[in-house]
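Single-structure report; data block below.
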Amino acid sequence: MKKITFIAPGNSIHSKRWIAYFENANYQTQWISFHKFKNNLNTSNKIFVESKIFSLFFNNLIVLRHVKNFNSEIIHIHSLSKYMFSAIFLFFLKKKIVLTPWGSDINKSHGFKRIIINYFLKKASLVTTDSQIFRNEFLKINKNTKIINFGIDTDFFKPSKIKEENIIICPRGFAEIYRPFVILNAIKKVKFKIKNLKFILIGDKKENQEILEYVSKENINGIVNILNLQDQDSYLKIINKSKGMISASISDAGIASSIAEFMSCNKIVIVTRNSDNHYWIKNGINGYLFENDNYSELAEIIVRLDRF
């Protein structure tokens, strides 16, 4: 049985889907993460490595030891900004290394850091991305760059007969890159102009205190509800009850899974005009696009939807 080591965030649905695919294809997998595991698989071969300040060298040694003991033939590294730098020692092994950069790895990496990322992209056996824009850029560095779309389970995420309510979901979390306050500012701007719409923001409980304080301070708690992260079944019920979703992320690669899931359920999507989003969403036809951080433009779209 072939062995693959995945070095990828244990709290990410993207990591989970990649690893589940290879487990179902009868590969033996090892999953090393510097984030605590949230989306666990049915494998016992998960290794959490606590990442501390100034521990890059020791992280590399720990990862190297686990990979050598497992004796994997392929090493697949996700999220290069953190994970590749903690696994650089692996490039000295005679192994096939696959790199899957995330949007923030490229859009937010500059100077020396970007030079290092480009160097190891060149050394990789394979580079994968779900972005046409990134693929064109990576091909200049490594000719063995492939588009691999993650796909959506359309038997699960599909149109429903559940009665739709006037709810818009913001499912991508409260991290800065997802710009939750852009969404909240847009809602605040139009709170006296809309009559029907309500909003649900979903994110990690650890990050929601500032969000809750803002909602209370701006007196929008009557139309905004904050939820913790949901399991898949609960999440699907929320999608089915909604009119659609908002994503204010300033940096995507290909289309985000949450956007594709709402589209698969035949829901309205309101998304920032960056990365590959315009390939998938035609403004005013199968969704709406607005510029990064432009809460006024987003507010105009919200008012329009309220009149549907």
Side-chain angles (χ1 to χ4, degrees), residues 1-49 63 66-67 69-80 82-84 86-87 90 95-105 124-131 134 145-158 171-173 175 202-204 228-240 252-265 276 280:
M1 184 181 289
K2 288 186 177 181
K3 295 181 177 181
I4 302 179
T5 293
F6 287 90
I7 303 173
N11 61 348
S12 169
I13 188 66
H14 300 295
S15 308
K16 178 180 178 179
R17 286 171 174 167
W18 271 95
I19 297 165
Y21 174 85
F22 283 94
E23 286 201 329
N24 292 334
N26 292 319
Y27 281 75
Q28 190 174 349
T29 65
Q30 177 188 56
W31 186 357
I32 300 173
S33 173
F34 303 117
H35 292 81
K36 290 185 178 179
F37 290 94
K38 289 185 179 179
N39 299 306
N40 290 343
L41 298 173
N42 294 326
T43 177
S44 59
N45 205 1
K46 301 187 295 291
I47 300 162
F48 169 62
V49 178
V63 170
H66 283 300
V67 171
N69 289 342
F70 186 62
N71 194 29
S72 55
E73 300 156 70
I74 301 170
I75 300 161
H76 191 163
I77 304 174
H78 292 247
S79 188
L80 308 189
K82 180 173 184 178
Y83 278 67
M84 187 192 72
S86 294
L90 299 180
K95 305 283 186 181
K96 292 181 179 178
I97 294 183
V98 179
L99 298 181
T100 299
W102 290 9
S104 56
D105 293 328
S125 301
L126 173 67
V127 178
T128 82
T129 179
D130 64 345
S131 166
F134 284 179
T145 296
K146 306 292 183 186
I147 287 275
I148 299 180
N149 294 107
F150 50 80
I152 294 296
D153 183 353
T154 54
D155 290 326
F156 186 79
F157 292 102
K158 61 184 179 181
R172 300 197 66 184
I202 302 173
D204 195 318
N228 297 330
L229 296 172
Q230 305 289 299
D231 61 53
Q232 280 288 84
D233 290 332
S234 299
Y235 180 54
L236 180 61
K237 288 178 183 177
I238 292 171
I239 293 176
N240 287 334
D252 288 315
I255 189 170
S257 58
S258 56
I259 298 171
E261 286 159 1
F262 273 79
M263 293 177 78
S264 184
C265 292
D276 279 25
W280 303 94

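Count residues from 1 along the sequence.
Between Ser125 and Lys96 the shortest heavy-atom distance is OG-CA, 3.5 Å. Here the shortest heavy-atom pairing between Arg172 and Ile259 reads NH1-CD1, 4.3 Å. In terms of heavy atoms, Ala8 sits closest to Ser33 at O-CB, 3.3 Å. The shortest non-hydrogen separation linking Met1 to Glu73 is O-OE2, 4.3 Å. Looking at every heavy atom in both residues, Ala124 comes nearest to Val127 through CB-CG2, 4.1 Å. Here the shortest heavy-atom pairing between Ser264 and Thr154 reads OG-CG2, 3.7 Å.
In this structure, CD1 in Ile47 is found 4.5 Å from NE2 in His66, a value given to the nearest 0.5 Å. Residue His76 holds its NE2 atom at 7.5 Å from CZ of Phe22, rounded to the nearest 0.5 Å. Put simply, CG on Asp130 and CD1 on Ile147 are 7.0 Å apart, with the number rounded to the nearest 0.5 Å. Atom CH2 of Trp31 and atom CD1 of Ile19 lie 4.0 Å apart (nearest 0.5 Å). To the nearest 0.5 Å, atom NZ of residue Lys146 and atom CG of residue Leu126 are 7.5 Å apart. With rounding to the nearest 0.5 Å, the separation of CG in Asp204 from CG in Asn228 is 8.0 Å.
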### Message
Quick one, Thr100 with Thr128, criterion side chain to side chain donor-acceptor pair (under 3.5 Å). Give me CA distance, side-chain angles, the key distance, then yes/no.
### Response
CA-CA 5 Å; Thr100 299; Thr128 82; 2.6 Å; yes
### Message
Quick one, Leu236 with Cys265, criterion side chain to side chain contact (heavy atoms under 4.5 Å, CB included). Give me CA distance, side-chain angles, the key distance, then yes/no.
### Response
CA-CA 9 Å; Leu236 180 61; Cys265 292; 4.1 Å; yes
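Within the 4.5 Å cutoff, side-chain heavy atoms of Phe157 are placed close to those of Gln232. Between Ile255 and Met263 there is a side-chain heavy-atom pair separated by less than 4.5 Å. The shortest distance between side-chain heavy atoms of Tyr83 and Ser15 does not fall below 4.5 Å. Within the 4.5 Å cutoff, no side-chain heavy atoms of Phe34 are placed close to those of Ser79. Side-chain contact between Phe70 and Asn45 is present, with at least one heavy-atom pair separated by less than 4.5 Å. By the 4.5 Å heavy-atom criterion applied to side chains, Leu80 and Trp102 are not counted as neighbours. Between Val67 and Gln30 there is a side-chain heavy-atom pair separated by less than 4.5 Å. Side chains of Ile7 and Leu90 form a contact here, defined as non-hydrogen atoms less than 4.5 Å apart.
Within 6.0 Å of CZ in Phe48 there are more than 12 heavy atoms belonging to other residues, nucleotides or ligands.
Ring pair Trp18/His78 is perpendicular by interplanar angle, where above 60° counts as perpendicular and below 30° as parallel.
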